K.L.:
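Quick one: this structure, given as structure tokens, is what I'll be asking you about.
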Amino acid sequence: MQLLNADRVQAAAISDPATQRVMAWLCRGYLVAGMLLTVVYFVVPTEPAKLVVWPIIGWSSVLAILVGVAVNRPEPRSAWYLLAAGVATLIVGDDLYSIRNFVQHADALFPSYIDIVYLAMYPLLVGGLALLVHRRSVGGDRSSVIDASIITAGLGLVSWVLLIAPYLHSGEFSVFYRLTSIAYPIGDVAVLAIAVRLAVGGGRRPGAFWLLTGGLVALLGADALYGYLNLSGTFSEHSPVDVGWIAFYVAWGAAALHPSMRGLSTATPGTEQISAGRVLVIGGAVLVPPAILFTQGALGNVTDPLAIALTGGLLIILVLVRIVSLVRESADRRSNARLQTLVDKTSDAIVVVDGQGRIQYHTPSTERMLGRHAAELDGTRLGDVLEAADGNRLDAMLVSHAAPATIEWRVRHTDGGWRDLDVIVDDLRGTADIDGIVFTMRDVTERKQFDLKLRRQTLHDSLTGLPNRMLFIDRIDQALRRGERRNGSVAVLVLDLDDFKMVNDSLGHAAGDDLLKAVTARLVTVTRSADSLARLGGDEFGFLLENGDVDDGSELAALRIQAALRAPFRVGDSEMQVHASIGIATGSLRTHTCDDVLRDADLAMYFAKRKGKDRFELFFPAMHENATRRLEVVADLLGGMDRGEFVVYYQPIVDTRNGHILGAEALVRWQHPRRGLVGPDEFIPVAETTGLIAPIDRWVLNDACRQTKIWKVNGLADDSFYISVNLSSQHLQDPSIAEHVSDALAVSGIAPDAVVLEVTETGLVDDVDSAGAALAGLKRLGVRIAVDDFGTGYSSLTHLIKFPIDILKIDKSFVDRVADGANGEVMVRAVVDLAHTLSLKAIAEGVEHPDQARALERLGCNVAQGYLFAPPVPAPDMTALLAQQSVSSDFLGPDIRADVEQSAISESQVLLSRP
Ligand code: C2E
Ligand code: CA
Ligand code: CA
């Protein structure tokens, strides 16, 4: 990251190509001028050469460096100022020396103040070069330091043996002389060390680099040569050795002018491989101590065994350290390579962005994941690859420095499709290694799509594609919440097709499925966009209404639905009419949960069914109580049967003219352990819907027949006495009904003609064919058939003729009005006449007043039952009545009538006084 940043800085610096060109020309021109001056220097005599040409060369170098710094603006400038100062001290020293030598013609004095000027150059050069080296290296760059140390130690030893030690050992000079003499080679070794470090370390190596190092080599070479010649006393002024120094001046001036000098302070990581050249140089350096030892040994004069041994030891240690670090580096490299391979091969994509969201690094997998080339990604803003909303969130994250640990992104792949990504975010801005935000992205598109499919499957009905009950409940829940915010409520309609089971049973399940699909299609047409339609299961559908539709709208919606279903449906070859019962419930979150609303609508639908189907009902709270009661009853009913809690009451059927008991109707009651005596109206309907009615009817039939047999055997009832037993229409449809009746007859041993079976009019017309067949079967046994509640149903005359009927029981609702006036009488007369025409017997039900009895008599109906004569009573009471042989020998007498009414009231009180 640092590297990239530095590159950008660098790119910004070399922005002006014109300036660059000028500087390149200047640099070249200066080099050429330097060469010409060199020639001039050697052509002219020593004095002008030393006093004119030399200063020009030296000071031009200082000037060139200052110009270079001003134009090229290198970083750090201080390094170059130090270098310029170093060069300046050198030329000052040279000039002072020349002036003393050729102007003052003074004797060479050594050491002198000039040496102080000269020696001052070393720290300046070392400091300037050190600053540059520091800029050029990444991190510690330990191996370069070691390599440089090895080479310096090797060359340093040479310098020691040849230049330094001779002065140290020689006794002929003063201490001051000797110290000054060795200060030069020591300074050179210091410059050498830093020069080697510059050469072997990392960093860019543009033209300026080579000029700088070339100048150093020239300087050090000239110094070494000078030292050696001086020592051996063969040095002379104005000799070829001067070329080295001139080259140093010119090369450094040119280096500073060169436009690439700025790049010198650019770091690059040290090369990981150790080059053959470097191995050679290091090897050479290591071999210096033994080589010197060998040479001196051969010459028979080993001068510095200690220095040679110490340097040899130091070199061995340095080489060992270098080997260890090489081994470590290669291990690091291997693990880095492994890491890189893993990163390359992983399907997860890793992207690093800088503070502006620009991609600084990405793994190859990123290209695959997004379908983009590396060139399209590098430096691009990551936000531009994302969906707009995700991009904005990313920008906010960059600014706020508050990155969430995980996020989800949707990105457009270049193949046109979208990709869902799970992203892990690590904000590593400000850390040394990364300095950016790391996004680790995983492509979860397939998993997301699978989830979605699974969700669809679990939340939708496979046949119709509609939402299922689970999703519907969820939608109600959401609607309730939305409603709460707007202070509104929701309406739920539950629709159940009427008699759908018949379609399945008669046409098969495939036809049933087709019909459901056709119904769905029609329901969809009446569903408004804001509302939802769902299949709740079987033939049950749900509507959810929101917004204005809730109050009156829900009933309008129900009407719309009914209208949509009105036209006949074609299923296979047949056409059929489909009706539906609809329950409507409304609710708001304050009072209802989603389950509540659905349950209420369900209940209302159930009431619509009970009220005759093909209609809709609005829920009201009493429905709920009713339903709870029903549930309790269902739960209880089975147990009640097992525990023998049912009892049969008997209501006498009498001859109104004399009160003689002609027969009795068996009416069941439930002696409930908690609720007391429960009337049939409370549990018969429940028993009918739960299939419990057949066992109850059968038990009543058996018990009544048994009781009748007892009365007959005891002589309390004569041969003509009959028992009238109610048969539910459900039971009538039971294929084994005839078997049940014949069993009862056989077990009790009473004659078939002593048994009347009462079936309701509605029970007969519901299914005319099967009812006719069942009645015929019963009739063959010899029992008689009565039509109960006659007048309340819709039986046509054809039915009455078709069915083998013996008795019509005129419903209480007619009897109630028979004494009221002309109208009521007309109805009853019609029924009685009809009975007589068809040679049927008519029995009036629910006679409560003597007026009614007399009116009936006048119309020709003199068989009746009712509280006027006797309420339904338990068997022992009936036994007592039979013993009297009539309900009352003089039932018109006021005393007895009062008794009877009293008993009727007491029974109704019993019936009414439930908890
Ligand atoms: P239902 O067959 O029409 O029975 C006559 C009903 O009228 C009886 O009601 C009886 O108590 C009542 N009643 C008789 N005289 C009078 C009167 O003067 N005034 C008034 N207000 N009511 C009178 P109950 O016993 O409550 O039975 C009700 C219905 O329950 C019966 O109507 C019958 O449909 C059904 N039921 C009773 N027992 C059985 C049974 O064992 N099996 C079947 N399937 N249904 C039964
Ligand atoms: Ca009856
Ligand atoms: Ca009746």
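Both counts, for ligands and for their atoms, begin at 1 and track the order of listing. All residue numbers refer to positions in the sequence shown, counting from 1. Quick caveat, the model's predicted, so the values are computed rather than measured.
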K.L.:
With the threshold set at under 4.0 angstrom, would you say G846 reaches ligand 1 through any of its heavy atoms?
P.N.:
yes
K.L.:
Return the option from D681, I696, V678, N726 holding the heavy atom at the smallest distance from atom 33 (C) of ligand 1.
P.N.:
N726
K.L.:
Could a heavy atom of K812 be found less than 4.0 Å from some atom of ligand 1?
P.N.:
yes
K.L.:
Taking both backbone and side chain into account, is any N, O or S atom of E758 nearer than 3.0 Å to the Ca ion (ligand 2)?
P.N.:
yes
K.L.:
Which option out of D788, V759, D697, L701 puts a heavy atom nearest to atom 2 (O) of ligand 1?
P.N.:
D788
K.L.:
Quick check on contacts: which atoms of ligand 1 are under 4.0 angstrom from a heavy atom of D789?
P.N.:
3 (O)
K.L.:
Would you say S724 has an N, O or S atom lying under 3.0 Å from the Ca ion (ligand 2)?
P.N.:
no
K.L.:
Between N726 and E665, do the side chains contain a donor N or O and an acceptor N or O under 3.5 Å apart?
P.N.:
yes
K.L.:
Evaluate R669 for polar contact with ligand 1, using N/O atom pairs at a separation under 3.5 Å.
P.N.:
yes
K.L.:
Between R854 and D851, is the salt bridge (Lys or Arg N to Asp or Glu O under 4.0 Å) condition met? List the steps.
P.N.:
CA-CA 5 Å; R854 273 193 291 267; D851 300 349; 3.3 Å; yes
K.L.:
Can you name the atoms of ligand 1, numbered from 1 with element, that are less than 4.0 Å from a heavy atom of E848?
P.N.:
17 (C), 18 (O), 19 (N), 20 (C), 21 (N)
K.L.:
Quick one: does ligand 1 sit under 4.0 Å from the side chain of S728, the backbone, both or neither, non-hydrogen atoms only?
P.N.:
both
K.L.:
Looking only at the side chains, is there a donor atom on one of D600 and H624 sitting less than 3.5 Å from an acceptor on the other?
P.N.:
no
K.L.:
Heavy-atom distances under 4.0 Å decide this one: backbone, side chain, both or neither, for T760 against ligand 1?
P.N.:
neither
K.L.:
Short question: side chain of N702, backbone of R698 - any donor-acceptor pair under 3.5 Å?
P.N.:
yes
K.L.:
Would you mind checking if K812 and D816 are paired as a salt bridge, meaning a charged N to carboxylate O distance below 4.0 Å?
P.N.:
yes
K.L.:
Taking atom CZ of R829 as the centre, report whether more than 12 heavy atoms of other residues, nucleotides or ligands fall under 6.0 Å from it.
P.N.:
no
K.L.:
So, the side chain of E682 versus the backbone of V678: is there a donor-acceptor pair under 3.5 Å, distance only?
P.N.:
no
K.L.:
I would like to know whether E540 and R469 meet salt bridge (Lys or Arg N to Asp or Glu O under 4.0 Å); could you show each step before the answer?
P.N.:
CA-CA 10 Å; E540 212 176 284; R469 180 179 284 266; 3.3 Å; yes
K.L.:
Out of all atoms in ligand 1, which are within 4.0 Å of some heavy atom of V700? Include the element for each.
P.N.:
41 (O)
K.L.:
Check ligand 1 against E845 and write out every atom of the ligand that is under 4.0 Å from a heavy-atom position of the residue.
P.N.:
3 (O)
K.L.:
Evaluating non-hydrogen atoms only, which member of F646, F683, Y867, W699 is closest to atom 13 (N) of ligand 1?
P.N.:
Y867
K.L.:
Is the Ca ion (ligand 2) under 3.0 Å from any N, O or S atom of E845?
P.N.:
no
K.L.:
Would H731 count as a contact residue for ligand 1, given that I'm defining contact as a non-hydrogen atom of the residue lying under 4.0 Å from a ligand atom?
P.N.:
no
K.L.:
Does a donor on one side chain and an acceptor on the other come within less than 3.5 Å for D595 and T593?
P.N.:
no
K.L.:
May I ask you to check if ligand 1 and I684 share an N or O to N or O distance below 3.5 Å?
P.N.:
no
K.L.:
Show which atoms of ligand 1 fall inside a sub-4.0 Å distance from at least one heavy-atom site of E665.
P.N.:
2 (O), 4 (O)
K.L.:
Ignoring hydrogens and geometry, is there a side-chain-to-backbone donor-acceptor pair from D697 to S728 under 3.5 Å?
P.N.:
yes
K.L.:
Please classify the Q651 to ligand 1 contact at 4.0 Å (heavy-atom distances, strictly less than): side chain, backbone, both or neither.
P.N.:
side chain
K.L.:
Ring of F607, cation from R610 - is the NZ or CZ under 6.0 Å from the centre and inside 45° of the axis?
P.N.:
yes
K.L.:
Could you verify whether a donor N or O on one side chain and an acceptor N or O on the other, from E758 and S724, lie under 3.5 Å apart?
P.N.:
yes
K.L.:
Would R669 pass as a cation-pi partner of F646, given that its NZ or CZ must be under 6.0 Å from the six-membered ring centre and within 45 degrees of the axis?
P.N.:
no
K.L.:
Which angle, to the nearest 10 degrees, do you find at the Ca ion (ligand 2) between OD2 in D788 and OD1 in N726?
P.N.:
80°
K.L.:
Looking at E665, pick out the N, O or S atom nearest to the Ca ion (ligand 2) and give its name.
P.N.:
OE2
